[in-house]
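Here's the structure we're looking at; comments come further down.
Here the structure is a predicted model, which means the values were calculated and not measured. Every chain is numbered from 1 and lettered A, B, ... according to where its sequence line falls, protein lines coming before strand lines. Values below: all heavy atoms of this structure, side chains included; hydrogens, waters and symmetry mates excluded.
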Amino acid sequence: MSASTSPDTYQPKTRVGRISNFVDTRVGASSIVKEFGRKVFPDHWSFMFGEVALYTFVILLLSGTFLTLFFDPSMAETHYTGSYVPLKGVEMSVAYASTLDLSFDIRGGLFMRQLHHWSALLFVASVSVHMLRVFFTGAFRRPRELNWVVGCVLLILALAAGFTGYSLPDDLLSGNGLRIIDGVIKAIPLIGTYLSMLIFGGEFPGTAIVGRLYVMHILVVPALILLMIAIHLFMVVVHKHTQYPGPGRTENNVVGFPVGPVYAAKAGGFFFIVFGIVAAIAANFQILPIWDYGPYDPSPVSAGTQPDWYIGFVDGALRLMPGVLGDFRFEYVIFGGYTLSLNVLLPALVPAGILFGLMFTWPWIERWVTKDNREHHILDRPRNAPFRTATGVAGVVWYCVMWAAASSDLIATHFHVSLNDVTYWLRALFFIGPIIGFMVTRRICLALQRKDREIVLHGRETGRIVRLPHGEFIEVHEPLNEYKLHRLVDFESPVVQPAVPDANGRITRTEKLRGRLSRFFFEDRVAPVTPAELEAAHSHGHAPVEAAETKAEVTTR
Amino acid sequence: MGDHSHGGPKSSGTVATAGQGEVEKFQDPGLPPHRPRLADKDPRAEKRAERQVAILFAISVIGTLLFFVGYIAIRLDETTAISTLRLQNFLLGMGTAFAMLGIGVGIVHWAKTLMPDHEIAEERHAVRTEEDRQIAETMVSEIISESGIKRRPLIRNTLLGAMLLAPLPAIGILRDLSKDLNPDVLRHSMWDAGVRLTRDPEGTPIKASEVTIGSAFHVIPEGLNEAEHKLEEKAKAVVLLMRLNPEDLHVSPGREDWNYNGIVAYSKICTHVGCPVALYEQQTHHLLCPCHQSTFDLTQECKVIFGPASHALPQLPISVDSEGYLVATSDFHEPVGPSYWERG
């Protein structure tokens, strides 16, 4: 009967061989090992932010699972009977009481709460910094545009996970946070009121919201995050990792360490390091002492309250918006009887909309302006892409102004300045901050590029002063070795791509805009040193450094 | 030295990248030579590194033990001081930290000192080949033509229509997330003619004579603590009660009898996004919302003078009853709290 099954003739000799033979004949694992066992990953400290994000997410899953064993997401009324004496007998929700129990009656519960909260802060932070790294090095360019989009989705999911979790303990702080959300939702035209009532199960605060946020927080959002992480990592494998420019590194290879054993050991060990560091933070720094705030009550609020850092930019935008400007009220009644609250809608939606809109579309914007549709596996040093670095910094400045605004009251009390003045200054910076950030950053990038040219052409200053036979003193410059030199000259400096007519011989309006943007971005540029220039520098001295800093007109007209 | 325009195209670095045929570039020198580490050359250094890794792993074991010391030695009950709780948190946390860091640092140290550190170059392969793409293209167009979806627009269009409508129940079924969807409830609060003003949270009534000039009370309506939907009612009904010199108040026509001898009551819920306007600056008669710093001027009927709020805090008309207790003479004349579409 066994005509179809041929006897396995391979006889493994070692123990490893026997195990792998067992696995391989059942799931075909050896091709996976062959593919990944020695796969090469480039090494750089800046590649570790993404790892931190992944690892903090694992810590969140572990500590979060522990918390769900004790937390009860019910808003039913109860009277506290736990160990924390000052709140004994106080009326509160079951959710708040079970969070108190986690802190005061479950050994290790407080540690797990603090570990969870600190990991959450670090998770969003590392996702953000990882995205900044990807942006500033141009790692989002073809073929990785879609992975960039997946990353943007992950950032939004991380914010959603953080916010839904923040609101669960039903303490005074999170309740006031929810009330702000309720106010923002109510400002949405047409459907806002209904939306608010659907979300809260009637009037604010109701008895439904914590349970509803809970299912989002422990099921829907983490499941989506896991799915996105899987897609994200799958694409990293498909594309292979990017690498920084350097000798021996080309668009066609990956230089680094093989997964087994070095990279796996480093990355695996790094998980334990991240875990250890977050544990040390959770051991030493108190976070969200909910017993100090008390249960949610719509009447009290503590001054100087702050949302978790990643919500800060929206909260800050809410604070910056004037409700009344001169005699103009940003909230007005339209269509005879309907209220449009632009004082809430604009700051809640517009800045976040612009930031995320630009973030999602930037790979295509850049491709459109530069007309660069090639694959890029070699990263840009940020200074070698002044336009992109400047744009990114403008975005960061804008974000940080809003973020600072979320602490306007603390800035005022801490530095003994008027709260109103802080707000006026931040309002001004909201508009001019990004512009200054752009201009200054671009100048810094260009200056650093010139410095690189200088070093290539003249070598390193050795500090060695030599007196020549005729009495002149000179400082000896030591030429760079070929590896260091290559690091400084191996980059591209895009030139202005002026608007060109289409097939009908007309320059369309979008093409005109593209040409203008291209000029704006690449008008000022510094080109990498060429061998001829280096040759000339060695024979003639200083001339080429200055000569190479040309305006784009020279080459495009 | 700064005259840049003199750099002619021939001598300028931009020539190389302007795409004029022969691109001048430095030659890639290839990977730098590998430099052996101390542990690669010196057997004693290798031995030392090995010992260091083992010590780090041992530290991890100590960390785990420390965790259990903290867990077993400290029990939690009503007599536990908060400092003891902190100590336990510290022991558990640092135990975990050492347990994890010992393993992590040990492994990384092992990888960096003892595992081979030769950088390897691996070829990159294109994500797809031209051939694969052509096969896939033909395959997809064959699949589409075999399905006949292009040739039979009737089927296609009815399917599209059905698919567009089919998800609607999934949205519609969410309707009962709230039984009550009438925005009118936002217009009404517990306040009514004759309802006494009582202290928050005790619920004891306030005599007009107790409210001295400059004082402020956090106020809830009488009976709130026994109300069925206490938090929902409180979210609309909380009021701030203050007494000013009557001549400091600028009372608009129609509101002459809303205050009592300079005692005024205003909704405590910010008209911006609903935080409690909890800060009262006695000197300037300003009310400040601690969440987003909207500032309201009490002397001008709580008009917005700074911040993101756009309309004044609603005033609660008050008077005194026969026993001298403060009472409301009606509900608020407008909805309290943040604006909403139907507010008008």
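Residue contact with chain A, scored on non-hydrogen atoms closer than 4.5 Å, involves the side chain of B:K268 exclusively. Residue contact with chain A, scored on non-hydrogen atoms closer than 4.5 Å, involves the backbone and the side chain of B:V273 alike. Residue contact with chain A, scored on non-hydrogen atoms closer than 4.5 Å, involves the backbone and the side chain of B:A235 alike. For B:N182, the part sitting under 4.5 Å from any heavy atom of chain A is the backbone (N, CA, C, O) and nothing else. For B:H118, the part lying under 4.5 angstrom from a heavy atom of chain A is the backbone only. Within the 4.5 angstrom heavy-atom criterion, only backbone atoms of A:R38 (N, CA, C, O) approach chain B. Within the 4.5 angstrom heavy-atom criterion, no atom of B:T80 approaches chain A. For B:K230, the part sitting under 4.5 Å from any heavy atom of chain A is the side chain, from C-beta outward, and nothing else. With a 4.5 Å cut-off on non-hydrogen atoms, B:I305 does not touch chain A at all.
Of the inter-residue distances, the one linking A:S196 atom OG with A:I185 atom CD1 reads 6.0 Å to the nearest 0.5 angstrom.
Per-residue counts of heavy-atom pairs under 4.5 Å with chain A were compared for B:C275, B:A121, B:A111, B:P308; the largest is that of B:P308. Ranked by non-hydrogen atom pairs under 4.5 Å with chain A, the options B:H229, B:K112, B:K236, B:R175 are led by B:K236.
Ring centroid separation for the pair A:F257 and A:Y263 does not come in under the 6.0 Å cut-off.
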Show every donor-acceptor pair shorter than 3.5 Å between a side-chain atom in residues 85-106 of chain B and any protein atom, with sequence neighbours excluded, or say none if there are none.
from	atom 1	to	atom 2	distance (Å)
B:R86	NE	A:Q286	OE1	3.4
B:R86	NH2	A:Q286	OE1	2.6
B:Q88	NE2	B:G70	O	3.1
B:Q88	NE2	B:I74	O	3.1
B:N89	OD1	A:F111	N	3.2
B:N89	ND2	A:A282	O	3.1
B:N89	ND2	A:A283	O	3.4
B:T96	OG1	B:L92	O	2.7

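In this structure, the salt bridge (Lys or Arg N to Asp or Glu O under 4.0 Å) partners of A:K88, at least two apart in sequence or on a different chain, are B:E78.
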